[in-house]
Amino acid sequence: MRGPTAAPATDAMRVHVLWFPDWPLRAALGAAPPHPPTALVRAGLVSACTDSARAHGVRVGQRKRQAQSRLPSLKTLPHDETADERAFLPVLRLIEAHAPGAHLLRPGLAALRSRGISRYHDGEEGAAAALVRMLSDAGYGEARIGVADGMFTAELAARAAPPRSDGVDPWAVIPSGASRDFLAPLPLQVLGEPELADLLRRLGVATLGEFAALDALSVRARFGEHGARLHDLASGADSRPLTPRPPDPQLAREVQFETPLGQSDQIAFAVRQTADAVLLALADVSAVCTEVRIDLTDDDGAVFSRTWLHPTCFDAGDLVDRVRWQLETIVDDAPEDAAHAFRGIVGVRLAPVAVDDAAHHQPGLFGSGTDERLHHAVSRVQTLLGHRGVSTAAMSGGRMLADRQVLTPWGERPLVQRDPSQPWPGSMPDPLPTEVYTPMRPVRVSGAGGAEIEIDDRGALSTPPALIEDSEVVGWAGPWPVNEHRWDAERARSGHRFQLLDAGHRAWLVFRSADGWWAEGRYR
């Protein structure tokens with residue numbers, strides 16, 4: 001085993017993970033720990049609690065009433081995950097200002113590739129010390145750092161690091177190749193799979209070391225690919241590298257304008273040669289770009305940066321389109337104050353962030369495949385309609401039909417915030433409507449003779465549905481109550497859902513709320 005000061009063969013996989021304990025509480029309370037006994041509640045369950053609350057028996061996952069029975073003086077607040085992200089963005093920018101390339105894993109947890117910052121600060125511990133000093137000076141003295149061969153091990157090392165105090169460093173460095181020894185005594189619960197942990201416990205396996213000792217083929221046969229990946233993690237083999245192939249900084253190209261340009265067409269024309277230069281530089285090293293960062297500098301010196309992804313690889317036209325779309329976003333978001341009005345761009349920089357071997361993207365012997373032709377066709381339509389003119393759909397979790405779909409502009413990675421595999425009580429079972437109205441459309445539903453339909457607290461109807469729009473209702477089912485986010489006035493939603501079949505044999509899914517009837521979808 002090599003020492004921590006040696007140059008390990010897997011240096012490219014070394015990462016620094018920065019962990020901010022109880023970040024949701026820091027974001028909600030707006031102050032650094034220690035905090036008074038406080039718990040954040042989501043869906044009636046405790047999602048986060050302070051050290052002072054844990055000292056009295058409050059735990060994550062408890063029901064709100066159970067937590068309050070443990071500590072009657074417990075202060076409870078609604079958990080706003082969006083606020084967690086907003087509060088963490090300044091911290092992420094602060095980290096990036098000192099160590100470019102920070103990756104957001106989730107609010108309160110960020111990762112960095114170790115190689116660059118460790119070389120600059122003469123070692124991994126020196127880099128951790130520099131990050132701790134920087135964050136402490138900015139008011140984030142609770143941060144802890146873990147350094148290891150992969151993000152999974154580094155995160156657990158950060159959680160195992162001691163809090164900062166006199167003579168105690170808040171970081172833990174796991175030497176290269178020692179991940180398995182570090183993970184071996186940890187309980188299976190750290191994998192975040194309670195069902196698997198419970199099953200293995202009943203089989204006599206209680207730690208990651210015991211799990212890693214099982215035969216890999218037997219684990220794959222019993223638990224599938226997901227279980228095999230967890231087995232790899234328990235063995236110290238993290239399969240989630242931050243950047244699979246770091247691009248050469250010399251691949252970046254930039255262009256400067258003598259006078260500020262404010263029209264997207266002007267900039268698109270001027271940047272075309274720069275885009276061609278980036279592709280030529282990539283071609284010289286037999287690579288293609290799959291992720292690019294575009295920096296636009298305005299006449300005040302402000303830099304607007306954004307990273308763009310691509311389903312396959314960028315060509316010159318794709319790069320020009322991304323520059324134009326990014327400029328349109330800047331113009332739309334510019335303040336209306338004349339003293340700070342946007343006047344134009346004086347510089348554009350195109351920097352490949354992730355590259356791949358060009359051989360992986362060569363057309364086949366008899367031409368491009370179906371996926372490649374589809375991509376070119378869709379990209380051409382997107383060029384005509386704009387960045388959000390073409391979207392791809394992904395399944396999300398939720399009770400209402402509109403909540404279960406996520407539309408992402410073509411070429412970007414979909415961000416699904418609600419797990420569709422969760423049960424979601426109150427959601428409609430299959431088959432679902434083939435036509436979903438987003439947003440829901442107002443619809444006229446009434447009883448016989450146009451009578452208003454009232455629904456009491458027990459779900460009983462004053463009169464059955466008889467008409468929808470101008471068509472007779474020949475069959476119906478429901479009502480099914482929906483009550484969401486009762487603790488949040490802005491997101492609260494309450495009402496009843498019905499399935500209605502009209503005389504034209506069209507089936508409807510409708511929602512009755514306090515402000516009327518709404519068509520949520522229609523079966524075809």
Where is the tightest heavy-atom contact between [X] and [Y], given as atom of each residue plus distance?
X    : Y    : answer
A197 : L188 : CB-CB, 3.9 Å
A157 : I174 : CB-CG1, 3.9 Å
P465 : V445 : CB-CG1, 4.3 Å
D149 : G177 : OD2-N, 2.9 Å
A143 : L135 : CB-CD1, 3.7 Å
A87  : A27  : CB-CB, 3.7 Å

Practice task
Not counting sequence neighbours, which residues clear side-chain hydrogen bond (donor to acceptor under 3.5 Å, both in side chains) with T434? List them please.
Solution key: none
Handout entry: All side-chain hydrogen bond (donor to acceptor under 3.5 Å, both in side chains) counterparts of D515, not counting sequence neighbours
Key = S513, W518
Within the distance-only criterion (no hydrogens, no angle test), does the side chain of [X] pair as donor or acceptor with the backbone N or O of [Y] below 3.5 angstrom?
X    : Y    : result
S69  : Q66  : yes
Q326 : F304 : yes
T38  : K75  : no
D215 : S218 : yes
R54  : C49  : yes
H16  : E124 : yes
D22  : A48  : no

Practice task
Decide yes or no on side-chain contact (heavy atoms from CB on, under 4.5 Å) for L77 and L29, but give the supporting numbers first.
Solution key: CA-CA 9 Å; L77 298 171; L29 299 177; 3.8 Å; yes
Exercise for the section: Inspect the surroundings of CZ in R506 and state if more than 12 heavy atoms from other residues, nucleotides or ligands are less than 6.0 Å away. Expected result: yes
Exercise for the section: Count the heavy atoms belonging to other residues, nucleotides or ligands that lie under 6.0 Å from CD of E452, then report whether that count exceeds 12. Expected result: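 Yes - once you tally the heavy atoms of other residues, nucleotides and ligands closer than 6.0 Å, there are more than 12.
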Spatial distance of atom [atom1] ([X]) from atom [atom2] ([Y]) [nearest 0.5 Å]:
X    : Y    : atom1 : atom2 : answer
M134 : I95  : CE    : CD1   : 6.0 Å
H56  : L71  : NE2   : CG    : 5.5 Å
L208 : H231 : CG    : NE2   : 10.5 Å
L92  : L109 : CG    : CG    : 11.0 Å
H496 : I453 : NE2   : CD1   : 12.5 Å
K64  : T76  : NZ    : OG1   : 4.0 Å

Practice task
Check the side chains of W508 and D502 for a donor-acceptor pair under 3.5 angstrom, ignoring hydrogens and angles.
Solution key: yes
Exercise for the section: Establish, from distance only, whether the side-chain atoms of S118 and R14 form a donor-acceptor pair under 3.5 Å. Expected result: no
Problem - Salt-bridge criterion met for R201 and D198 (N-O under 4.0 Å) - result: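 Counted as a salt bridge, because a side-chain N and a carboxylate O are separated by less than 4.0 Å.
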With a 4.5 Å cut-off on side-chain heavy atoms, are [Y] and [X] touching?
X    : Y    : value
W171 : E125 : yes
R222 : L199 : yes
F498 : L461 : yes
Y523 : L501 : no
M400 : V482 : yes
F223 : L230 : no
R444 : L467 : no
R144 : P21  : yes

Handout entry: Candidate pair L18 and V91, rule side-chain contact (heavy atoms from CB on, under 4.5 Å), full reasoning
Key = CA-CA 11 Å; L18 296 85; V91 183; over 6 Å; no
Handout entry: Step-by-step side-chain contact (heavy atoms from CB on, under 4.5 Å) determination, R404 to L432
Key = CA-CA 11 Å; R404 299 181 65 174; L432 297 174; 3.7 Å; yes
Exercise for the section: Could you check whether the rings of W23 and Y140 sit parallel, tilted or perpendicular, using 30° and 60° as the cut-offs? Expected result: tilted
Problem - Parallel, tilted or perpendicular: rings of F88 and F20 (30°, 60°) - result: perpendicular
Practice task
Using the side-chain contact (heavy atoms from CB on, under 4.5 Å) rule, take D80 and R86 through it: C-alpha gap first, then chi angles, then the decisive distance, then the call.
Solution key: CA-CA 10 Å; D80 185 354; R86 287 198 304 266; 4.3 Å; yes
